Amino acid sequence: MKTITAGEIQFTYTKRYFEEFVSSRPKVSEILKEVETPALVIDLEGIRSRYVQIRYHMPEVNIYYAVKANDHPEILKTLADLGSGFEVASSSELEKVLSLGIPPERIISSNPVKPEEFVDYAYRSGVNRFAVDSFTEVEKIAKVAPRSRVYVRLSVPNEGSDWPLSRKFGTDPDTALSILEFAKEKGLVPIGVTFHVGSQCNNLRNWFIAVREASYLWERARQKGMRLMVLNMGGGIPVRYMYEALRVEDIAYYVRGLIRKYFSVQPYELQIEPGRGIVGDQGVLVCRVIGKAKRGEENWIYLDTGVFNGLAEALGGIRYPLYVERGGDLKEWVVGGVSCDSMDVIARNVFLPEPEVGDRVYILSAGAYTTVYASEFNGFPKPKVICL
Ligand SMILES: *Cc1c(COP(=O)(O)O)cnc(C)c1O
């Protein structure tokens with residue numbers, strides 16, 4: 001009997017993913033072999049269908065695309081044309097969104113700690129919804145953006161999310177309530193609650209705890225005479241990397257049930273802020289093998305891009321599927337980035353047929369949090385972004 005090795009399972013998964021990706025995207029597949037590397041090839045049609053899919057499964061929820069995931073103008077324009085809202089955190093992001101003619105009513109800012117100049121610019125542009133999670137932020141907004149609407153960020157569990165965020169932001173329900181009351185005293189309008197279950201969240205339980213905590217705060221606020229309107233559920237919709245992700249329809253079904261169950265007064269506006277969930281698996285980073293080495297027991301390949309040129313999330317636990325169009329026996333590889341830095345390692349335990357120097361390597365699911373992170377450290381260029 002022939003047993004299937006872990007390497008074969010991994011490579012079969014990646015190969016099937018790659019073939020599925022290109023076969024449904026003729027324009028992308030044409031360019032993959034010719035494009036100058038490194039390049040991030042984005043499928044705008046795929047982004048369109050992801051957006052439509054989320055809207056279809058969550059018709060009662062307003063979508064505010066988290067611009068930081070990928071702020072390429074063509075992506076923003078594609079989403080703007082579909083009627084998406086936008087979540088921005090900086091003056092530069094806001095400027096990009098405004099330049100597309102998006103009205104300020106379709107823009108929110110959910111980063112709980114914002115530079116004062118940004119709040120000022122947003123307020124002057126007509127954006128008037130801001131997240132807070134501290135008394136200091138309330139004071140800042142009351143000063144720079146009087147009478148604005150604020151929603152408070154709760155800290156919720158981020159377990160099972162590959163890119164947890166919650167330790168940095170968010171507060172407990174009791175403090176959150178005091179913050180909302182303080183905002184009211186300061187002349188701001190407390191409108192709701194927000195949370196973020198962690199980016200790339202494959203754990204439905206996080207949504208469960210988050211919605212339950214939010215409903216508790218909602219009820220406490222009601223008892224204090226504050227009628228909250230908005231439940232903002234942040235980002236967290238996962239995409240596939242080296243494993244399949246939870247499906248949007250399953251998250252939608254589950255979360256809808258939770259809101260029905262836990263909110264005695266249903267929120268007037270439901271919001272989500274997907275970033276990764278819209279662009280993450282609609283981009284492939286095309287790069288090339290520039291070297292090979294055997295180091296002790298380890299087989300290394302080196303690519304013409306790395307963690308400083310866009311693959312920063314590899315450092316924090318994101319496992320990108322890597323594919324080469326070669327046949328032959330599988331070998332286990334460590335994949336090094338282009339720079340001299342020893343931290344610049346893109347992946348370990350990658351099973352691939354042996355590539356030659358010059359072969360193309362396709363890094364799948366590279367649409368989110370890649371080129372937006374990229375620097376030119378060590379003189380190596382950022383990948384070019386090509387939207388098709
Ligand atoms: C980054 C971020 C998002 C997007 O998160 P994803 O997991 O990429 O969907 C949404 N909201 C806020 C406040 C964020 O900081």
Side-chain angles (χ1 to χ4, degrees), residues 47 50-51 53-55 57-58 61-72 75-76 79 84-90 93-94 97 107-115 118-119 122 127 129-134 137 150-171 176 192-204 206-207 210 214 230-241 245-248 251-252 255 270-283 312-313 316-318 365-373:
I47 288 177
R50 277 295 277 178
Y51 177 88
Q53 190 192 10
I54 295 173
R55 196 171 56 189
H57 292 294
M58 301 183 172
V61 182
N62 289 335
I63 302 172
Y64 294 84
Y65 171 65
V67 173
K68 78 170 184 294
N70 195 324
D71 64 353
H72 193 278
I75 295 176
L76 300 183
L79 293 169
S84 182
F86 294 88
E87 190 276 319
V88 300
S90 64
E93 286 182 355
L94 176 56
V97 172
I107 305 170
I108 60 177
S109 180
S110 298
N111 187 338
V113 182
K114 296 166 281 300
F118 163 65
V119 177
V127 175
R129 288 176 292 174
F130 301 99
V132 294
D133 68 355
S134 64
E137 191 73 4
V150 292
Y151 43 104
V152 69
R153 169 101 163 237
L154 286 175
S155 66
V156 297
N158 274 199
E159 281 115 47
S161 300
D162 283 349
W163 202 258
L165 308 157
S166 238
R167 278 191 304 271
K168 182 168 171 188
F169 295 121
T171 185
V193 188
T194 182
F195 55 75
H196 198 304
V197 292
S199 200
Q200 186 64 12
C201 175
N202 253 307
N203 185 0
L204 282 177
N206 290 357
W207 267 285
V230 175
L231 176 62
N232 176 307
M233 297 180 282
I237 293 177
V239 297
R240 68 181 157 169
Y241 286 99
L246 274 174
R247 299 184 313 166
V248 173
I251 298 168
V255 169
L270 292 171
Q271 304 177 338
I272 47 163
E273 305 169 330
R276 192 189 303 274
I278 289 182
V279 296
D281 53 7
Q282 300 308 323
E313 286 201 320
I318 295 289
S365 290
Y369 304 115
T370 47
T371 45
V372 285
Y373 276 148

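Counting convention: from 1, in listed order, for ligands and their atoms alike. In this text the structure is predicted, and so the values were computed from the model without any measurement.
- Of the N or O atoms in R276, one or more lie within a sub-3.5 Å distance of an N or O in ligand 1.
- Taking every non-hydrogen atom of S199 and a distance limit under 4.0 Å, the qualifying atoms of ligand 1 come out as 6 (P), 7 (O), 8 (O).
- Between L270 and V255 there is no side-chain heavy-atom pair separated by less than 4.5 Å.
- Within the model, atoms CG of N158 and NZ of K168 stand 13.0 Å from one another, a figure rounded to the nearest 0.5 Å.
- Between E273 and ligand 1, an N or O atom pair is found at a separation short of 3.5 Å.
- When only non-hydrogen protein atoms are considered, atom 8 (O) of ligand 1 lies nearest to Y369 OH, 2.6 Å.
- Here's the thing with I237: none of its N/O atoms is less than 3.5 angstrom from an N/O atom of ligand 1.
- With rounding to the nearest 0.5 Å, the separation of CD1 in I278 from CG in N70 is 11.5 Å.
- In this structure, F169 does not count as a contact residue of ligand 1, since none of its heavy atoms falls inside 4.0 Å of the ligand.
- Closest protein heavy atom to atom 2 (C) of ligand 1: K68 NZ, 2.3 Å.
- Here the side chain of E93 pairs a donor or acceptor atom with the backbone of A89 at under 3.5 angstrom.
- When the options V248, V279, L246, D281 are evaluated for a side-chain contact (heavy atoms from CB on, under 4.5 Å) with V239, the one that passes is D281.
- Counting the atoms of ligand 1 from 1 in the order shown, those under 4.0 Å from a heavy atom of A66 are 3 (C), 4 (C), 10 (C).
- Nearest protein heavy-atom neighbour of atom 5 (O) of ligand 1: H196 NE2, 3.0 Å.
- Checked for salt-bridge contact, E313 and R276 meet the test: a charged N lies under 4.0 Å from a carboxylate O.
- Across all their heavy atoms, S109 and F118 have their closest contact at OG-CE2, 3.3 Å.
- Listed by number with element, the atoms of ligand 1 under 4.0 Å from a non-hydrogen atom of G275 are 4 (C), 6 (P), 8 (O), 9 (O).
- Here the side chain of T194 pairs a donor or acceptor atom with the backbone of N232 at under 3.5 angstrom.
- Between P274 and ligand 1, no pair of N/O atoms sits closer than 3.5 Å.
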